Amino acid sequence: MQSTPSDTILVIGAGGQLGLELTHELRQRYGASHVVAADVRAPKDAATTESGPFELLDVLDKNRLEEVIRQYKPKQVYHLAALLSATAEKNPKFGWQLNMDGLFHVLDAAVDLGVQRVYWPSSIAVFGPDTPRENTPQLTVMNPNTVYGISKLAGEQWCEWYFRKHGLDVRSLRYPGLIGYKSLPGGGTTDYAVDIYHKAVAGQSYECFLEEDTYLPMMYMPDALKATLDLMHAPAEQIKIRSSYNLGAMSFSPKEITASIQRHLPDFQVTYQPDSRQQIANSWPASIDDQHARRDWNWQPDFDLDKMTQDMLLHLKQQLQPA
Ligand code: AKB
């Protein structure tokens with residue numbers, strides 16, 4: 001089922017790092033009036049609330065979720081609202097509640113109210129310290145040791161269960177750290193790789209909360225949007241994995257991203273002050289084997305570290321210029 005212009009799409013968590021960009025992209029492709037943005041609070045970015053329909057929605061409020069779905073009758077729902085790794089570790093009960101109950105509400109509402117396709121993001125956080133770190137395969141030892149990772153792994157299994165039991169067309173990707181210039185992440189372990197560009201362009205130094213040699217899988221936002229929409233547009237028979245697909249693009253350390261920035265801004269300086277997020281990063285893969293995504297629906301990233309750096313710096317510099 002390829003979405004046609006007359007279909008409606010609902011994006012829950014539209015004010016978040018991915019939600020904001022995905023909402024803009026979907027509105028460009030399908031027309032703003034066909035893409036309903038929803039979030040627990042109105043995003044600062046006026047385009048999300050003003051360029052098309054916007055609804056205040058706490059996904060923990062099941063009645064309100066059903067009301068929104070009854071009103072707009074979306075054929076597709078992107079459910080992106082979640083607490084990320086570092087924040088969930090500080091607030092474990094709420095992290096679990098939001099990440100799990102929110103997902104159940106969406107899956108149940110989709111089954112009960114006839115939503116045809118659901119997208120739900122998983123993460124490299126489903127892997128843990130017992131997982132092979134290099135080129136982590138799709139199927140391997142998982143044992144996540146963060147609240148976020150446990151909730152994502154459980155969520156993956158529930159998505160697969162709803163597919164098997166109810167025939168619900170749920171699709172999912174295990175995102176690496178996402179990096180973009182249009183929106184800021186909040187509460188993740190990979191956030192440093194966004195913050196560092198903002199500091200560099202502002203002419204400031206950056207204090208990194210991970211050690212300089214900590215390798216993590218990362219992805220530039222245009223690739224994340226492409227992967228998400230390619231997955232959602234693929235014919236159902238091509239989707240062989242109904243838990244969540246490994247997805248890779250690049251892997252780098254704080255030292256390497258610093259060197260990439262310094263090729264454009266030689267005076268940029270970084271110091272290192274690892275905090276509790278270091279432990280989370282140490283438990284995650286350093287690089288990802290995404291051969292299933294490449295084989296099943298032709299996944300292919302466009303950006304490597306240096307290409308991303310060039311694009312990030314260009315756009316962030318433009319944003320700093322007076323209009
Ligand atoms: C986080 O750091 O928590 C997220 C993720 C990798 O899922 N960016």
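Read the numbers this way: they start at 1 and go in the same order the structure lists the ligands and their atoms. As the structure is a prediction and not an experimental result, all values here were calculated from the model.
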Side chain proximity check, I150 to P144, heavy atoms < 4.5 angstrom:
yes
Enumerate, atom names and distances included, each donor-acceptor pair closer than 3.5 Å involving a side-chain atom of residues 173-182, sequence neighbours excluded.
unit_1: R174; atom_1: NE; unit_2: E156; atom_2: OE1; d: 3.4
unit_1: R174; atom_1: NE; unit_2: E156; atom_2: OE2; d: 2.8
unit_1: R174; atom_1: NH1; unit_2: Q138; atom_2: O; d: 3.2
unit_1: R174; atom_1: NH1; unit_2: N246; atom_2: OD1; d: 2.9
unit_1: R174; atom_1: NH2; unit_2: E156; atom_2: OE1; d: 2.8
unit_1: Y175; atom_1: OH; unit_2: Y119; atom_2: OH; d: 2.7
unit_1: Y175; atom_1: OH; unit_2: T228; atom_2: OG1; d: 2.6
unit_1: Y181; atom_1: OH; unit_2: H315; atom_2: NE2; d: 3.4

State the atoms of ligand 1, each with its element, that fall below the 4.0 Å cut-off from a heavy-atom position in W284.
1 (C), 2 (O), 3 (O), 6 (C)
Taking atom types as modelled, find out whether Y215 and E134 have a side-chain donor-acceptor pair closer than 3.5 angstrom.
no
According to the interplanar angle, ranging from 0 to 90°, do the rings of W158 and W161 count as parallel (below 30°), tilted (30 to 60°) or perpendicular (above 60°)?
perpendicular
What atoms of ligand 1 come within less than 4.0 Å of a heavy atom belonging to S85?
1 (C), 2 (O), 3 (O)
Identify, for atom 2 (O) of ligand 1, the protein heavy atom at the shortest distance, and state residue, atom and that distance.
T189 N, 2.7 Å
Which pairs would a plain distance check flag for residues 103-114, meaning a side-chain donor or acceptor within less than 3.5 Å of a matching protein atom at least two apart in sequence or in another chain?
unit_1: H105; atom_1: ND1; unit_2: V59; atom_2: O; d: 2.8
unit_1: D108; atom_1: OD1; unit_2: Y162; atom_2: OH; d: 2.6

Min over D191, T190, L18 of heavy-atom distance to atom 4 (C) of ligand 1 lands on T190
Report, in ascending order of atom number, the atoms of ligand 1 lying under 4.0 Å from any heavy atom of L84.
3 (O)
Counting each atom of ligand 1 from 1 as listed, which ones have a heavy atom of S123 under 4.0 Å away?
5 (C), 6 (C), 7 (O)
